[in-house]
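A short worksheet on the structure shown next.
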Amino acid sequence: MSFTFDDLNEEQRRAVTIEKGPILILAGAGSGKTRVITYRIAYLISKRLTSPRGIIAITFTNKAADEMKSRITSMLGRGDIWIRTFHSTCAKILRESLRRNRALGSLIKRSENYTIYDEHDQQTVIKECLKDLNIDLQEWSPGYVGAMINRVKEDLQKPDNIDHDLVRRVYEQYNKRLEQYNAVDFDDLIMLTVKLFQQDRSTLEHYQNLFRYILVDEYQDTNKAQYVFTRLLAEKYRNLCVVGDDDQSIYSWRGAEIRNILDFEKDFPETAVIKLEQNYRSTKTILKAASSVVDNNEYRKPKTLWCENQDGEEISFYLADDAYTEAAYVARRIIEGRLQGQSLNDFAVFYRVNYQSRMFEECFVRFQIPYELVGALKFYERAEIKNVLAYLKVIVNPNDSVGLKRIINVPSRKIGNITVEKLNKYCEENGYSLYQGLSQCRHITALDQKTVEKLMKFIALMNDLRKKSKELDLFELVMIVVRQSGYLDSLSDRETDADYIRRKNIEELIISIKEYNKQHPNAALANYLADVSLRGDIDDWDRDSAKVNLMTLHNAKGLEFDTVFITGVEDGLVPHYKSRSDQYQYEEERRLLYVGITRACKKLHLTCARQRESFRSGTMYPSISPFLREIPKNVISGAVIDYDDMG
DNA sequence: CAGGAGGGGCTTTTT
DNA sequence: GCCCCTCCTG
């Protein structure tokens, strides 16, 4: 074994070496929790308490999972451990279980090759339901209804608990449609796995016996469904180790229950509680600022982070005239830092809302500062990428009517909405899926001969691609798909810039598929599609590339940078104006700032703008954030006096 | 009946 | 600034 515990402190070592029973690790920011988890996994394996297969570790992002895997591989020389997010874990359990026992399909109402719908697909289905139920889309926006549906699933509520009759009806129809499409949304992945565990004893026992040791990171951000999932899995052997920090709970709007971490000891009374309070990341100054902010929260476990690091530089505050000046200030500080030998990827710029990134992008282009934007324009959400993936999804799951509608006229086959509507009506009347209906389209009296021919040609294409998919590997298949569908050609006809970019993006997708193929030689197409559907913004981010990092405060969780800029520290952004009325939400905004501050190792910059343009309310003249006043003035340099200038 | 062009809506945070 | 819907043209 090629590692020692010399670089762990006493508490960390204790957390790593407890061999049995539940463990609650309350890990403050920068206290080395990732190290504790990886060392613990290595310890369990090297002491032969379990084989690698007997461990499951759940992380918050795929990125974190990949990093943890590679660390363990370098420690043990092997990395065949189940380290995944909740969603990816459940997606795999569902698929495995449906494969192992087809009869479970009647319980889950899905088959093995189900499709995962993202938020956009979800809204498409909700729109279908709202239209079908004759509900006014202005009054009930799909986004709003979707959020309510998600909440029901995250909380594992019974649909009859939905207080609004109308939403309940949409909920029911929405779920029925997903069943028909053989599709699940993000929250179904967790909810259906819980259902599977609760209603099929043998499946639950299979996984309980498989995973003798369970580790869950970022436990403060688990929701009810994830909590029940974890509890069920851990019930038998009770070797559950959860790691988290109530001060870093920032996902309550996604159903996360801070209670899960605060009440852990109630569920598992024999829990060993370990507190990691020594911070190894930040300077004393930064830590002081962070603590003095979060100390104002009422709903938290009292704790004190400390460190042996240097005092470090003062925190700088800059009050800009407007968002552009703010961005230019950040750019100048970065150029300055570069001259002093810092690398571009030592810098990170955080903001509360995605649209703030635009100003930084614009400005960094002008200053010729290479940057990497995390989130916002997600690669896998680009239309051309979704189109190609939709072909693959329909090939795997012909019942995926959302995917099918997406590609039926891409590239243009002169099949328009009216034809699709007629087809749809025919399918509904005869109980066909759209795909089935296509093969029967010659029987649709409402269609003329020309249209029928077009539809037959399309279904022949899809049938052919489906047949080929069984013989070809992933890379070969996607090449055939983009060529044979005519999609690639359609993007070459007109020499517009937009088409050129689309072709480039498809090329990039194909390269990434080739790479995936290399890493997972035997992966089924369905597995690839699931992986892609569950990829987050941060997952494709390259920490090591020589670029300044731009991201939201939420995306910053779990990361660290030498120099951090937290921008727009204004009343209305941090805290966000929508969170101001509710104390609980208000405190979450404070935690968000706390998370941002504690990402910084050496130097922290806070910036505000006197004036900010907003699409919704025109020009705003915000005050500085009330949280800023909670930082002691003696750790802040710069125009501290400017504080009181503002509104 | 398909499909492009142009106008009105809206943006918290995300697996 | 971007997406969605509608209207108009061919």
Side-chain angles (χ1 to χ4, degrees), chain A residues 58-65 84-91 116-120 122-124 127 137-138 141-144 146-147 150 153-154 184-190 218 221-223 225-226 249-256 350-359 361-362 374-378 380-383 408-422 446-448 450-451 454 494 530-539 551-557 568 572-580 585 588-589 591-593 595-596 613-617:
Chain A
I58 296 176
T59 57
F60 200 68
T61 61
N62 298 296
K63 179 103 195 151
R84 290 165 169 262
T85 64
F86 272 107
H87 289 88
S88 140
T89 294
C90 290
I116 299 169
Y117 280 178
D118 66 12
E119 203 177 307
H120 190 269
Q122 175 182 51
Q123 296 219 0
T124 307
K127 254 182 251 167
L137 276 99
Q138 302 295 348
S141 79
Y144 178 73
N150 291 341
K153 293 184 178 183
E154 285 153 2
V184 301
D185 62 30
F186 288 141
D187 290 318
D188 280 333
L189 289 168
I190 320 281
E218 307 283 8
D221 283 320
T222 52
N223 61 35
Q226 292 164 336
S249 162
I250 53 173
Y251 283 94
S252 75
W253 51 273
R254 219 171 80 187
F350 301 156
Y351 36 81
R352 177 67 233 271
V353 295
N354 274 307
Y355 71 72
Q356 285 174 265
S357 70
R358 187 162 307 146
M359 214 43 106
E361 291 189 81
E362 221 171 86
V374 176
L377 307 139
K378 300 169 200 170
Y380 289 103
E381 283 176 15
R382 284 163 219 242
I408 194 167
N409 199 33
V410 172
S412 167
R413 301 184 173 90
K414 314 273 180 211
I415 301 169
N417 281 334
I418 292 172
T419 302
V420 174
E421 275 315 307
K422 285 176 183 169
L447 295 178
D448 62 54
K450 272 229 153 74
T451 310
K454 286 184 271 188
R494 308 169 302 175
D531 280 1
V532 163
S533 303
L534 295 175
R535 283 201 91 63
D537 294 336
I538 200 86
D539 296 335
M551 67 187 81
T552 62
L553 283 163
H554 283 86
N555 267 321
K557 194 175 72 161
L573 277 172
V574 194
H576 194 269
Y577 74 102
K578 283 193 178 172
S579 308
R580 227 169 336 192
Q585 284 185 42
E588 183 153 305
E589 297 290 309
R591 289 194 290 270
L592 196 52
L593 182 60
V595 167
E613 302 301 325
S614 141
F615 284 103
R616 91 186 343 264
S617 29

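Residue numbers start from 1 in every chain, and the chains themselves are labelled A, B, ... in the order their sequence lines are given, proteins ahead of strands.
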Rounded to the Å, how far apart are [X] [atom1] and [N] [atom2]?
X        : N      : atom1 : atom2 : result
A:Lys153 : B:dT15 : NZ    : C1'   : 14 Å
A:Lys557 : B:dT14 : NZ    : P     : 12 Å
A:Asn417 : B:dC1  : CG    : C1'   : 10 Å
A:Leu189 : B:dT15 : CG    : C1'   : 9 Å
A:Tyr117 : B:dT15 : OH    : C1'   : 18 Å
A:Lys63  : B:dT14 : NZ    : C1'   : 17 Å
A:His576 : B:dT14 : NE2   : C1'   : 15 Å
A:Ile418 : C:dT6  : CD1   : C1'   : 13 Å

**Report entry** Touch class at under 4.0 angstrom, heavy-atom based, for A:Arg358 against every strand present
**Finding:** sugar-phosphate
Requested in this report: Indicate, with a heavy-atom threshold strictly under 4.0 Å, whether A:Glu119 touches base, sugar-phosphate, or nothing.
Outcome: base
Report summary line: salt bridge (Lys or Arg N to Asp or Glu O under 4.0 Å) filter on A:Arg84, not counting sequence neighbours, yields none
Should [X] be listed as having a side-chain N or O under 4.0 Å from OP1 or OP2 of [N]?
X        : N      : answer
A:Asn354 : B:dT14 : yes
A:Asn409 : B:dA2  : no
A:Lys578 : B:dT12 : yes
A:His120 : C:dC2  : no
A:Thr61  : B:dT15 : no

Query raised in the report: A:Lys422 or A:Tyr355: which one's nearest nucleotide on DNA chain B is closer to the 5' end?
Result: A:Lys422
Query raised in the report: Closest nucleotide of DNA chain B for A:Lys454 versus for A:Gln585: which of these residues is on the 5' side?
Result: A:Lys454
Please determine, for the side chain of [X], which listed nucleotide ([options]) has the closest atom?
X        : options                : result
A:Ser412 : C:dC5, B:dT14, B:dG3   : B:dG3
A:Arg254 : B:dT15, B:dT13, B:dG3  : B:dT15
A:Asn555 : B:dT14, B:dT12, B:dT11 : B:dT14
A:Thr419 : B:dG3, B:dT13, B:dA2   : B:dA2
A:Val353 : B:dT13, B:dA2, C:dC5   : B:dT13

Query raised in the report: Is A:Asp185 close to A:Lys153 at the side-chain level, that is, under 4.5 Å between some pair of heavy atoms?
Result: yes
Query raised in the report: Taking the six-membered ring for Trp, does A:Trp253 stack with B:dT13 (centroid gap under 5.5 Å, planes within less than 30°)?
Result: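 Yes, the aromatic ring of A:Trp253 stacks with the base.
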Query - Residues A:Glu588, A:Arg591; criterion salt bridge (Lys or Arg N to Asp or Glu O under 4.0 Å); working and verdict - result: CA-CA 5 Å; A:Glu588 183 153 305; A:Arg591 289 194 290 270; 3.3 Å; yes
Requested in this report: Show your working on side-chain contact (heavy atoms from CB on, under 4.5 Å) between A:Tyr351 and A:Leu573 and close with a plain yes or no.
Outcome: CA-CA 9 Å; A:Tyr351 36 81; A:Leu573 277 172; over 6 Å; no
Query raised in the report: Residues two or more places apart in sequence or in another chain: which of them pass ring-ring contact (aromatic ring centres under 6.0 Å, His included) with A:His576?
Result: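 Once residues adjacent in sequence are excluded, A:His576 has no partner under the ring-ring contact (aromatic ring centres under 6.0 Å, His included) criterion.
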Query raised in the report: Using the ring of each side chain (for Trp, its six-membered ring), is A:His554 parallel, tilted or perpendicular to A:Trp253, with breaks at 30° and 60°?
Result: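 Aromatic pair A:His554/A:Trp253 classed perpendicular.
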